[in-house]
Amino acid sequence: MGLLTRRPDLTQAAFRAHWREVHGPLAADLPGLLAYHQNPVVDAAQRGIDHARGAWTFDGISQLWFADVAAMRAAIASGRYDAVAADSSGFVADTKVVAAEQHVVVPLPADPGPCIKRMSILTRPPGMAAEDFSREWREVHGPLVRRFPHLLGYTQNHVVVRESAPGIAATHAALPVDGVVEMWFRDLDGLGAAFASEAGVAAMAHAQRFIAEITTFLVEPHVVR
């Protein structure tokens, strides 16, 4: 995943247009790429939850699927990545990169109809081991969220690699992202009702035990490949 911040001289509309029309086709040509989605941010309100929010202010989150981390790194080392890197400066001021192991808790239907997507950045508390965070998220929190009413889909992305820029390793202190959540609802009313439900209250009470910050974004996904 690329956590993108647009150039300050570009409007959100110009950023999105360049990302979709120019950058998207270049990145879609990377060797070993299995799928590629763009998620431009359209809303950064902390909707439905009362939890500490991080300072992240992204304009878009890209998702690129590879067979494994080695395939991802091979793509970045390839000649075809040169055009992608050269184009990035035309619309992006900063790109953080995380590689994650994806765990689908509630599969999104193949044809879900009109819906909204929320992505959230999770940071574990200081002193908590990554293994403990992952266990709490997958084994306890996932089953709680599965009970949400109005939930169309829910995916956990457990971060295993952090880069301050493509190909440049970052420490957890420099890039404290431990998980990226994907959730789909029919609409904002459904999102609010889900978190206000008994299951939602239980899940957020549990979140206090293993998540220091939750930073939420509504996105409008675009499937490039």
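For the single chain, residues carry numbers from 1 onward in sequence order. Worth knowing before you read on, the calculation uses all heavy atoms, side chains too, and leaves out hydrogens, waters and symmetry mates.
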_Counterpart residues, side-chain contact (heavy atoms from CB on, under 4.5 Å), relative to P112 (two or more places apart)_ = L108, P109, C115

*Of all the heavy-atom pairs spanning V41 and F58, show the shortest one and how long it is.*
CG2-O, 3.6 Å

*Considering all heavy atoms of both residues, which atom of R186 and which atom of P114 are nearest to each other, and what is their separation?*
NH1-O, 2.5 Å

*Residues in side-chain contact (heavy atoms from CB on, under 4.5 Å) contact with P25, at least two apart in sequence or another chain*: none

*For D187, which residues count as a side-chain contact (heavy atoms from CB on, under 4.5 Å) partner, sequence neighbours excluded?*
D189

_ILVMFWY cluster, W65 and V159 together (side-chain gap under 4.5 Å)_ = no

*Begin with the C-alpha distance, continue with both residues' side-chain angles, and end with the deciding distance and a verdict on side chain to side chain contact (heavy atoms under 4.5 Å, CB included) for V223 and Y36.*
CA-CA 6 Å; V223 177; Y36 173 33; over 6 Å; no

*Can any side-chain N or O of S89 pair as donor or acceptor with the backbone N or O of A85 at less than 3.5 Å?*
no

*Under 6.0 Å between ring centres, would you say that holds for H222 and W19?*
no

*Start with the C-alpha gap between F195 and V201, add the side-chain angles, then the distance that decides, and say whether side chain to side chain contact (heavy atoms under 4.5 Å, CB included) holds.*
CA-CA 6 Å; F195 281 96; V201 172; over 6 Å; no

*Do the side chains of H37 and S62 get nearer than 4.5 Å, heavy atoms only?*
no

*Keeping the roles fixed (side chain from D178, backbone from R124), state whether a donor-acceptor pair exists under 3.5 Å.*
yes

Considering only distance and modelled atom types, tabulate donor-acceptor pairs under 3.5 Å from the side chains of residues 42-57, sequence neighbours left out.
from, atom 1, to, atom 2, distance (Å)
D43, OD1, A45, N, 2.7
D43, OD1, R47, NE, 3.4
D43, OD2, R47, NH2, 2.7
Q46, OE1, R53, NH1, 2.5
Q46, OE1, T216, N, 3.3
Q46, OE1, T216, OG1, 3.1
Q46, NE2, H51, O, 3.4
Q46, NE2, I214, O, 2.5
H51, ND1, Q208, NE2, 3.4
H51, NE2, I211, O, 3.0
R53, NH1, A44, O, 3.2
R53, NH1, T216, O, 3.1
R53, NH2, A44, O, 2.9
R53, NH2, T216, O, 3.1

*Under the side-chain contact (heavy atoms from CB on, under 4.5 Å) test, residues paired with A212 that sit two or more places apart*: P125

_Is it true that N39 and E220 share a donor-acceptor pair across their side chains at a distance under 3.5 Å?_
no

*Polar side chain donor-acceptor pair, Q63 to Q38, under 3.5 angstrom*: no

_Given 3.5 Å as the limit, does a donor-acceptor pair link the side chain of S134 with the main chain of E131, or not?_
no

Please report, to 0.1 Å, the donor-acceptor pairs under 3.5 Å made by any side chain of residues 147-154, with sequence neighbours excluded.
from, atom 1, to, atom 2, distance (Å)
Y154, OH, W137, NE1, 3.3
Y154, OH, Q156, NE2, 3.1

*Begin from the C-alpha positions of V105 and T155 and carry the test side chain to side chain contact (heavy atoms under 4.5 Å, CB included) through to its verdict.*
CA-CA 6 Å; V105 181; T155 296; over 6 Å; no

*Rounded to the nearest 0.5 Å, how far apart are CD1 of I168 and NZ of K96?*
9.5 Å

*Check for a donor-acceptor pair, side chain of R20 on one end and backbone N or O of G24 on the other, with a separation under 3.5 Å.*
no

*asked:* Rounded at 0.5 Å granularity, tell me how far CZ in R138 sits from CZ in R135.
replied: 12.5 Å

*Does V97 share a hydrophobic cluster with V177, counting links as ILVMFWY side-chain heavy atoms below 4.5 Å and allowing steps through other members?*
no

*Transitively linked via ILVMFWY side-chain contacts under 4.5 Å: L175 with M128?*
no

*Hey, what do you get for CG (L218) to CG (L191), rounding to the nearest 0.5 Å?*
7.0 Å

*Begin from the C-alpha positions of E182 and K117 and carry the test salt bridge (Lys or Arg N to Asp or Glu O under 4.0 Å) through to its verdict.*
CA-CA 7 Å; E182 299 174 81; K117 180 180 181 181; 2.9 Å; yes

_Which residues pass the salt bridge (charged side-chain N to carboxylate O under 4.0 Å, His left out) test with R7, not counting sequence neighbours?_
D9

*asked:* Going by ring-ring contact (aromatic ring centres under 6.0 Å, His included), H141 matches just one of H206, H103, H158. Which one?
replied: H206

_Sub-4.5 Å side-chain heavy-atom contact between V180 and M119_ = yes

*asked:* Hydrophobic clustering (ILVMFWY, side-chain heavy atoms < 4.5 Å, transitive) - are V145 and F185 grouped together?
replied: yes

_Please find the pair of heavy atoms, one from G90 and one from L10, that lie closest to each other, and give the distance._
O-CD1, 3.8 Å

*Treating Ile, Leu, Val, Met, Phe, Trp and Tyr as nodes and any side-chain heavy-atom pair under 4.5 angstrom as an edge, say whether L30 and L26 lie in one connected cluster.*
yes

*Looking at residues at least two apart in the chain, or sitting in another chain, which of them share a salt bridge (charged side-chain N to carboxylate O under 4.0 Å, His left out) with E101?*
none

*asked:* Keeping T123 on the side-chain end and P176 on the backbone end, is there a donor-acceptor pair under 3.5 Å?
replied: yes

*Output all residues satisfying salt bridge (charged side-chain N to carboxylate O under 4.0 Å, His left out) with D82, sequence neighbours left out; order by chain, then residue number.*
none

*Can you say whether the rings of F133 and F210 are parallel (under 30°), tilted (30 to 60°) or perpendicular (over 60°)?*
tilted

_Main chain of A169, side chain of R162: is a donor-acceptor contact present, judged purely on distance under 3.5 Å?_
no

*Sequence neighbours excluded, which residues qualify as salt bridge (charged side-chain N to carboxylate O under 4.0 Å, His left out) partners of R118?*
none

*Side chain proximity check, T95 to L4, heavy atoms < 4.5 angstrom*: yes

Less than 3.5 Å apart, which donor and acceptor atoms pair up between the side chains of residues 67-75 and the rest of the protein, not counting sequence neighbours?
from, atom 1, to, atom 2, distance (Å)
D68, OD1, A70, N, 3.3
D68, OD1, A71, N, 2.8

*Heavy-atom check, side chain of V161 versus side chain of V98, under 4.5 Å*: no

*Is a side-chain N or O of D94 found less than 3.5 angstrom from the main chain of T5, in a donor-acceptor match?*
no

*Sequence neighbours excluded, which residues qualify as side-chain hydrogen bond (donor to acceptor under 3.5 Å, both in side chains) partners of Y81?*
none

